Trainee: 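Dumping the structure here so I can ask a few things about it.
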Amino acid sequence: MKAQKKLLATAALATFGGLLAAGNALADPVSTGWYAGGGINFASTPSLGSHVDGALAAQGLGSTATSTHGGDAGAGLRLGYRLSPELAVEATYDHLDRIRLQTALPGDTAAGTWKAHGLGLHVLGSMPFNDKLSLTGRLGVERWRTALDLGSTTGGATALSRSSSNTALAVGAGLSYAINPKLDATAELVHYSRVGNASATGHTGLSTVNFGLLYHFG
């Protein structure tokens, strides 16, 4: 996880630094103006189970064996304004597929879900390789809403529902391919520094792989 964070930060900082200026010497792949789009995402939360255990302990429950199961696709929306071929600002909405949980409690076992959705504001840098393909970098913030819900699977007394909100730093890098002057296909890896609350829902560093389409109105 630490190596992944370092890779993402290096890629994004490189894009936002020298790549913006370098893009001026290359062909402009898109015009300026408004764009919108959406796509699917696949989230990775490898440390979530242990952090849910911490949240349950903070609420007086003694779970130490929470396992997580996910893997289905979530969805996202994008609305942006391209200030130049190399620079854009973007508002985002991301909804993650629910992550299924199973945990052992004193005298009971429980199952449930951990869910998250977020609203973000980001700056994007782009370096065109040619008139079709560009390298992109992302830096921004995202406001996440998370929810933890657990219920007994054995008819016991466990019934838990908690929610929380927090703001996370977002950093990412990806590729954009111009299918035509109006439509781009995108692939991106984004890391969010921390999603969730330690004592309410459990928190985790979160990485997503996103695939989408963007339509340019200009």
Side-chain angles (χ1 to χ4, degrees), residues 4-5 7-45 70-98 116-145 168-193 195 206-218:
Q4 184 183 57
K5 290 180 181 179
L7 178 62
L8 285 166
T10 300
L13 289 174
T15 301
F16 280 103
L19 300 187
L20 293 181
N24 287 322
L26 301 173
D28 295 345
V30 296
S31 62
T32 59
W34 290 98
Y35 64 88
I40 60 173
N41 63 58
F42 298 90
S44 174
T45 56
D72 295 332
L77 298 173
R78 305 287 184 260
L79 176 63
Y81 187 83
R82 188 170 290 279
L83 302 167
S84 73
E86 298 85 26
L87 185 65
V89 292
E90 188 175 277
T92 63
Y93 171 76
D94 294 288
H95 186 278
L96 306 184
D97 178 59
R98 63 182 182 178
H117 60 93
L119 293 171
L121 185 62
H122 306 256
V123 177
L124 277 72
S126 178
M127 185 189 77
F129 292 122
N130 52 47
D131 61 351
K132 290 290 188 180
L133 186 65
S134 299
L135 174 67
T136 62
R138 175 183 301 274
L139 185 64
V141 293
E142 191 126 349
R143 184 69 175 173
W144 287 94
R145 180 74 173 175
L169 176 68
V171 58
L175 293 171
S176 175
Y177 180 80
I179 298 172
N180 59 48
K182 291 288 189 179
L183 190 65
D184 293 347
T186 62
E188 189 178 23
L189 176 63
V190 183
H191 180 76
Y192 302 94
S193 59
V195 179
L206 174 68
S207 296
T208 64
V209 177
N210 307 327
F211 300 98
L213 293 171
L214 298 177
Y215 179 81
H216 298 270
F217 297 102

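Here the structure is a predicted model, which is why all the values come from computation and not from measurement.
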Trainee: Using 30° and 60° as the class boundaries, would you call the ring planes of Phe217 and Tyr215 parallel, tilted or perpendicular?
Mentor: perpendicular

Trainee: Looking only at side-chain N and O atoms, does Asp184 offer a donor or acceptor that is under 3.5 Å from a partner on Thr186?
Mentor: no

Trainee: With rounding to the nearest 0.5 angstrom, report the CZ to OG1 distance, Arg82 to Thr32.
Mentor: 9.5 Å

Trainee: The test is side chain to side chain contact (heavy atoms under 4.5 Å, CB included); show your working for Leu135 and Leu175 and say whether it passes.
Mentor: CA-CA 5 Å; Leu135 174 67; Leu175 293 171; 4.3 Å; yes

Trainee: Starting at CG of Leu119, measure out to OG1 of Thr92 and round the result to the nearest 0.5 Å.
Mentor: 7.0 Å

Trainee: Kindly determine whether Val190 and Glu142 satisfy side chain to side chain contact (heavy atoms under 4.5 Å, CB included), including the steps that lead there.
Mentor: CA-CA 11 Å; Val190 183; Glu142 191 126 349; over 6 Å; no

Trainee: Restricting to side-chain contact (heavy atoms from CB on, under 4.5 Å), what partner residues turn up for Leu213, sequence neighbours left out?
Mentor: Ile179, Leu183, Ala185

Trainee: Minimum heavy-atom separation for Asn41 and Gly76, please, with both atom names.
Mentor: ND2-N, 4.3 Å

Trainee: To the nearest 0.5 Å, what is the distance between CG (Leu214) and CG (Leu79)?
Mentor: 10.5 Å

Trainee: Check the angle between the aromatic planes of Tyr93 and His117 and answer parallel, tilted or perpendicular using the 30° and 60° thresholds.
Mentor: tilted

Trainee: Please report the shortest heavy-atom distance between His122 and Ala170, naming the atom on each side.
Mentor: CE1-CB, 3.6 Å

Trainee: Test your reading of the model: is there a side-chain donor-acceptor pair from Lys132 to the backbone of Ala178, 3.5 Å cut-off?
Mentor: yes

Trainee: My understanding is that only one of Glu90, Arg78, Lys182 makes a side chain to side chain donor-acceptor pair (under 3.5 Å) with Tyr35; could you say which?
Mentor: Glu90

Trainee: Would you compute the distance between atom CG of Leu87 and atom OG of Ser126 and round it to the nearest 0.5 angstrom?
Mentor: 9.5 Å

Trainee: Can you name the residues that form a ring-ring contact (aromatic ring centres under 6.0 Å, His included) with Tyr81, not counting sequence neighbours?
Mentor: Trp34

Trainee: Measuring from atom OG of Ser176 to atom CG of Leu124, what distance do you get when rounded to the nearest 0.5 angstrom?
Mentor: 9.5 Å

Trainee: Kindly determine whether Leu139 and Leu169 satisfy side chain to side chain contact (heavy atoms under 4.5 Å, CB included), including the steps that lead there.
Mentor: CA-CA 8 Å; Leu139 185 64; Leu169 176 68; 4.1 Å; yes

Trainee: For the residue pair Leu96 and Thr208, what are the closest heavy atoms and their distance?
Mentor: CD2-CG2, 4.1 Å

